[in-house]
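A short write-up of the structure that comes next.
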Amino acid sequence: MKQVRIIRSTEEHQRALARMSKLMDLDPEPGTPEDEEMDLLGLVIKHYEEKHFPMDPPDPIEVIKFMMDQQGLKKKDLIPYIGSAPKVTEVLNGKRSLSLSMIRRLSEGLKIPAGVLIREPVKKRA
């Protein structure tokens, strides 16, 4: 097993990704040195990427639209979760905020974490 170190530069990050790719191609057996190296390498890569490539939390309305697309849903399919057809349109267009009851129903029905739906939507720039 190679020694796994903290990643401190873009070059080290690239080398770590290349090593991870090689290890994944080997498909090591659980508990082997290569398997342990892969686990540790995954942790240091994740740490570096979270620090250097932070991701903004997802916009709740975009997540709803994404889930609609993934599940083949139309606006009318959201009526049981949001209310009337006009309310669905207002929510999807950012004209109406999600209520707590809408969040609960959407979370359960579309399998979207409530924490994602509670966030403030990203305001569209004109």
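Throughout, numbering of the chain's residues begins at 1 and tracks the sequence.
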Donor-acceptor contacts under 3.5 Å from residues 69-82 side chains, at least two apart:
residue: Q71; atom: NE2; partner: L110; partner atom: O; Å: 3.4
residue: D77; atom: OD2; partner: K74; partner atom: N; Å: 2.7

Applying ring pair (Phe, Tyr, Trp, His ring centres under 6.0 Å) as the test, list every pair that has at least one member in residues 94-113; sequence neighbours left out. none
Judged by atom type as modelled, is there a donor-acceptor pair below 3.5 Å linking the side chain of S107 to the main-chain atoms of I112? yes
Among all residues two or more places apart in sequence or in another chain, which pass the salt bridge (charged side-chain N to carboxylate O under 4.0 Å, His left out) test with R119? none
Between OG on residue S9 and CD on residue E12, distance to nearest 0.5 Å: 4.0 Å
Out of curiosity, L100 CG to I118 CD1, how far, rounded to the nearest 0.5 Å? 7.5 Å
With side chains defined as the heavy atoms from C-beta onward, is the minimum distance between M67 and L106 less than 4.5 Å? no
Quick one: which residue pairs count as a ring pair (Phe, Tyr, Trp, His ring centres under 6.0 Å) with a foot in residues 86-116, not counting sequence neighbours? none
Does anything in residues 16-35 pair up under side chain to side chain donor-acceptor pair (under 3.5 Å), and if so which pairs, sequence neighbours excluded? R19-E37
By the salt bridge (charged side-chain N to carboxylate O under 4.0 Å, His left out) test, which pairs, at least two apart or in different chains, include something from residues 99-111? none
Measuring from M24:CE to L17:CG, what's the distance to the nearest 0.5 Å? 10.5 Å
Any side-chain to backbone donor/acceptor pair from N93 onto K95? Under 3.5 Å, distance only. no
Would you please name every residue forming a side chain to side chain contact (heavy atoms under 4.5 Å, CB included) with Q3, sequence neighbours left out? R5
Checking S97 now: which residues fulfil side-chain hydrogen bond (donor to acceptor under 3.5 Å, both in side chains) with it, not counting sequence neighbours? none
Side-chain atoms of residues 41-56: list all donor-acceptor pairs with protein atoms under 3.5 Å, sequence neighbours left out, distances to 0.1 Å.
residue: Y48; atom: OH; partner: T10; partner atom: N; Å: 3.4
residue: E49; atom: OE2; partner: H13; partner atom: NE2; Å: 2.8

Under the salt bridge (charged side-chain N to carboxylate O under 4.0 Å, His left out) test, which residues partner E90, sequence neighbours left out? R96
